2 protein chains.
Amino acid sequence: MTETQSRLLDLGEALMRKRGFGGFSYADLAREIGIRKASIHHHFPTKSDLGMAVLDRYADQLADKLRKISSASRTGGQALDGTIKLYRDAIDHAGRMCLCSTLAADTEVIDRDMRERLAQANRDTAAWIQETLLTGRRDRSIAVGGDPALEAKAILAQLQGAQLLARAGGDPQIFDQAITTLVARLSRH
Amino acid sequence: MTETQSRLLDLGEALMRKRGFGGFSYADLAREIGIRKASIHHHFPTKSDLGMAVLDRYADQLADKLRKISSASRTGGQALDGTIKLYRDAIDHAGRMCLCSTLAADTEVIDRDMRERLAQANRDTAAWIQETLLTGRRDRSIAVGGDPALEAKAILAQLQGAQLLARAGGDPQIFDQAITTLVARLSRH
DNA sequence: GTCTATAATGAGATAGAC
DNA sequence: GTCTATCTCATTATAGAC
């Protein structure tokens, strides 16, 4: 992984999270990075190759962040708070969102590989939330009952939906408003 | 409003809900409708004009459907069930979503007028949910406590997020899974 | 209101020199 | 690994005839 390649992934990720997969071009990357379009094709022959590389790295980093939240938290409730903060922080900067939320809207535009990777990332995140809910129930930091697999999907939906609402309204605080009741419902710390 | 214009709005709406605002072109419309691209520009000079017309009509129809749900429901709980069904039905057909969910991801691509109309539509829907929550509390069909304005935003986020998850996973049932706990939490019919 | 014709621009991508 | 040059195609949009 060269310096140029990681700069391309960084910028590509930023643009995808801000404008979606169809919302940026190699010309945008070239302008910002300071090389020519043809040079980008050397690193990522097709735009799909770049998209897949960005998504792959993003999914790995997300899983990594979730693992770190787990090990840094004393209770399941704390871990879920950390997760909420993760999604909140993602929208504060430059109108970005979680890549998984943005790409979901682009589902019909991206190719099959990206689609499957995206679905897998969502399944992984939901599974992690589910585990964390169970942990929180055991340590009595979370009060939520009901099927944990369904609760986990509900929480993920609310997190991604809150990002969507906040972006559409042009105000990050909408995220907080749409998530307050979730925090209240979960917490028992 | 001529026949051709309403066909253009219908098809435009379908495509926007399926692929986003940037995900279709006048060529797509022309092919399907059976006229030439230039003829479409006669009805909607720019693509933004078309997008705005679609969004405007969509927002009006959505508000209308919500009003009808209100008057057809005996309790607030019934009205919210009807709303959930509305969002569920929207994704069953041909991979579409609520236009408001799709456009939120496109926020950076659409122009200022559309952005403001979108934000207004979301505010209206949240306000309607809020009213319905209050109604349901009064008639004892809804058990949810907490600030109704925040609860309403949370519910809207969960509905839109569940559509997002279902589309990303390629399976409408994911919507049901992500919404089950909401139904359980609200209902007391 | 629809057509043909044609801009004008930008997209993704390739060939081949350095 | 980056460049210039070029290709091909799609996109939005306009002019003007019918």
Side-chain angles (χ1 to χ4, degrees), chain A residues 1-57 102-103 105-115, chain B residues 1-57 102-103 105-115:
Chain A
M1 172 72 54
T2 68
E3 168 75 14
T4 303
Q5 272 168 335
S6 80
R7 286 181 70 199
L8 284 169
L9 290 182
D10 289 345
L11 184 57
E13 180 188 318
L15 288 172
M16 280 170 69
R17 287 171 59 184
K18 191 179 172 112
R19 307 211 285 248
F21 185 71
F24 76 100
S25 73
Y26 272 29
D28 297 322
L29 297 170
R31 203 176 311 118
E32 187 83 12
I33 302 277
I35 57 176
R36 300 292 173 164
K37 284 196 296 173
S39 311
I40 303 179
H41 282 286
H42 169 76
H43 297 288
F44 302 100
T46 71
K47 198 183 172 190
S48 261
D49 291 329
L50 172 66
M52 191 63 195
V54 167
L55 176 54
D56 240 336
R57 191 186 67 158
T102 310
L103 283 185
D106 272 329
T107 306
E108 304 289 329
V109 180
I110 61 184
D111 70 10
R112 209 160 155 273
D113 281 357
M114 284 184 75
R115 220 150 34 201
Chain B
M1 171 71 54
T2 68
E3 167 76 13
T4 304
Q5 274 168 333
S6 81
R7 287 181 69 200
L8 283 169
L9 290 182
D10 289 345
L11 184 57
E13 180 188 318
L15 288 172
M16 280 169 68
R17 286 171 60 183
K18 191 181 170 111
R19 307 210 284 246
F21 184 71
F24 75 100
S25 72
Y26 272 28
D28 298 323
L29 298 170
R31 202 177 311 117
E32 188 84 12
I33 303 278
I35 57 176
R36 298 292 172 162
K37 286 192 294 174
S39 311
I40 303 178
H41 282 286
H42 169 76
H43 297 288
F44 302 99
T46 71
K47 197 183 173 189
S48 262
D49 291 329
L50 172 66
M52 190 64 195
V54 166
L55 177 55
D56 240 334
R57 191 186 67 159
T102 309
L103 283 185
D106 273 328
T107 306
E108 305 289 329
V109 179
I110 61 185
D111 70 10
R112 208 161 155 274
D113 281 358
M114 285 185 74
R115 225 158 19 207

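Below, chains carry the letters A, B, ... as their sequence lines are ordered, and counting in each starts from 1. Being a predicted model, the structure only gives us computed values, none of them experimental.
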message = If you count every heavy atom of other residues, nucleotides or ligands that lies below 6.0 Å from B/Arg36 atom CZ, does the total exceed 12?
response = no
remark   = Here the distance between atom P of C/dG12 and atom CG of A/Asp111, to the nearest Å, is 14 Å
request  = Nearest whole angstrom, please: distance from the P of D/dG1 to the CD1 of A/Ile40.
outcome  = 14 Å
query = Does B/His42 place a side-chain N or O at less than 4.0 Å from the phosphate oxygens OP1/OP2 of C/dC3?
reply =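 False: B/His42 side-chain N/O out of range (4.0 Å or more) of C/dC3 OP1/OP2.
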key: Distance below 4.0 Å between B/Ser39 side-chain N/O and C/dC3 OP1 or OP2   =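 B/Ser39 to C/dC3 OP1/OP2: side-chain N or O found under 4.0 Å.
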query = Where the side chain of A/Arg36 is defined as all heavy atoms beyond and including C-beta, which of D/dT2, D/dT4, C/dC3 is the nearest nucleotide?
reply =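 Given the options D/dT2, D/dT4, C/dC3, the side chain of A/Arg36 is closest to D/dT4.
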ask   = Between A/Lys47 and A/Phe21, is there a donor-acceptor pair closer than 3.5 Å when you use the side chain of the first and the backbone of the second?
value =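 Checked: pair present.
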request  = Give a yes or no answer on whether the side chain of B/Arg19 reaches the backbone of A/Val109 with a donor-acceptor pair at less than 3.5 Å.
outcome  =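 Judged by distance alone, no pair lies under 3.5 Å.
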query = Side-chain contact, heavy-atom cut-off 4.5 Å: B/Met16 with B/Thr102?
reply = no
ask   = Below 4.5 Å, heavy atoms only, C-beta onward: do B/Leu11 and B/Asp28 meet side chain to side chain?
value = no
Which pairs, protein N/O on one side and nucleotides 10-14 of chain D N/O on the other, fall under 3.5 Å?
residue, atom, partner, partner atom, Å
D/dT11, OP2, B/Ser25, OG, 3.4
D/dT12, OP1, B/Lys47, NZ, 3.0
D/dT12, OP2, B/Tyr26, N, 3.3
D/dT12, O4, B/Lys37, NZ, 3.3
D/dA13, OP2, B/Lys47, N, 2.9
D/dA13, N7, B/His41, NE2, 3.2

query = Do A/Arg57 and A/Asp10 meet the salt-bridge criterion of a basic N to acidic O distance under 4.0 Å?
reply =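 A/Arg57 and A/Asp10: salt-bridged.
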